[in-house]
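Some notes on the structure that comes next.
Read the numbers this way: they start at 1 and go in the same order the structure lists the ligands and their atoms. Below, each value reflects all heavy atoms present in this structure, side chains not excepted, and no hydrogens, waters or symmetry copies.
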Amino acid sequence: MLRMSENLNETLAQARRLWLFLDYDGTLADFAPTPEHVDPDPELVDLLTRLARHSRLRISVISGRRLSHVRSLVPVPGVLLAGTYGVEMQTPEGEQSNRVVYETIRPALDALKPRWEQLMAGREGFFLEDKGWALALHARFAAEDEAERVLDGARQMATEVASLGPFRLLGGHKFLEIGPTLAHKGRTVEYLLERYPWPGALPVYAGDDDKDEEAFGVIKAHGGIAILVSREPSHTQADCRLESPQAVRQWLEALR
Ligand SMILES: [Mg+2]
């Protein structure tokens with residue numbers, strides 16, 4: 001896989017329109033200390049505001065965070081926001097919608113939540129995030145072996161729940177989440193491309209983890225470009241790589 005090459009920059013420069021799909025954490029901004037951290041970065045807000053005014057660009061931010069948090073982090077008119085991997089949406093005009101009926105998923109999560117809480121009780125370094133539409137167990141600050149044991153137990157419980165309804169499990173490093181099957185960045189990109197067609201636009205997706213990787217394939221199937229944000233080269237379907245959120249911002253600056 002290539003670093004962002006001149007060829008690619010040329011392709012982007014020549015496209016009549018660019019539809020950017022951008023992940024937030026680890027892509028537009030460095031990771032926050034906890035998922036509850038929702039202070040917007042003024043520099044980023046300014047950058048996205050300028051980009052959103054550009055008629056050649058369409059900007060969508062697609063995050064695993066709940067929509068209310070994405071909205072706090074990206075208070076930018078004219079940008080489509082997708083929270084919980086696209087289960088919750090806000091259009092560029094500010095209209096909100098949900099792609100899943102809340103009542104169909106919440107009872108199962110309500111049943112699972114106290115079981116996960118019990119599993120974590122009295123242990124250091126765990127954090128249970130209730131997004132409404134999904135439950136996420138973060139073990140980033142837990143000891144390696146304890147994290148593994150707790151996440152294994154949590155995964156067993158979540159697998160039982162997932163087998164009973166329209167759910168999926170999402171993994172990651174010291175991380176487990178259960179949410180609706182539509183909590184899927186690839187399916188969200190597919191949905192947006194179909195729902196809001198923009199003739200002549202080149203879709204471009206930038207993201208840093210395995211949840212973004214699910215969107216890379218969709219973007220490429222639509223003739224678009226996938227950008228992995230990572231310090232190290234890694235196994236990916238992406239076309240190219242940017243080293244850090246700082247590099248992503250520089251690249252976006254240059255698009256104007
Ligand atoms: Mg990310």
(Q) Considering only residues two or more places apart or on different chains, which pairs with a residue in residues 8-47 satisfy ring-ring contact (aromatic ring centres under 6.0 Å, His included)? (A) Trp19-Phe21

Q. Do any protein N, O or S atoms sit under 2.8 Å from the Mg ion (ligand 1), and which ones are they?
A. Asp23 OD2, Asp25 O, Asp208 OD1

**Q.** Under 3.5 Å side-chain donor-acceptor pair for Glu88 and Tyr102
**A.** no

Q | Note: Glu129-Arg65 ion pair, threshold 4.0 Å (strictly below) | A | no

Q) Are Val248 and Val79 linked, directly or through other ILVMFWY residues, by side chains that come within less than 4.5 angstrom of each other? A) yes

**Q.** Residues that Gln118 engages under side chain to side chain contact (heavy atoms under 4.5 Å, CB included), provided they are two or more places apart
**A.** none

Q: State which residues pass salt bridge (charged side-chain N to carboxylate O under 4.0 Å, His left out) with Arg17; sequence neighbours excluded, sorted by chain then number.
A: none

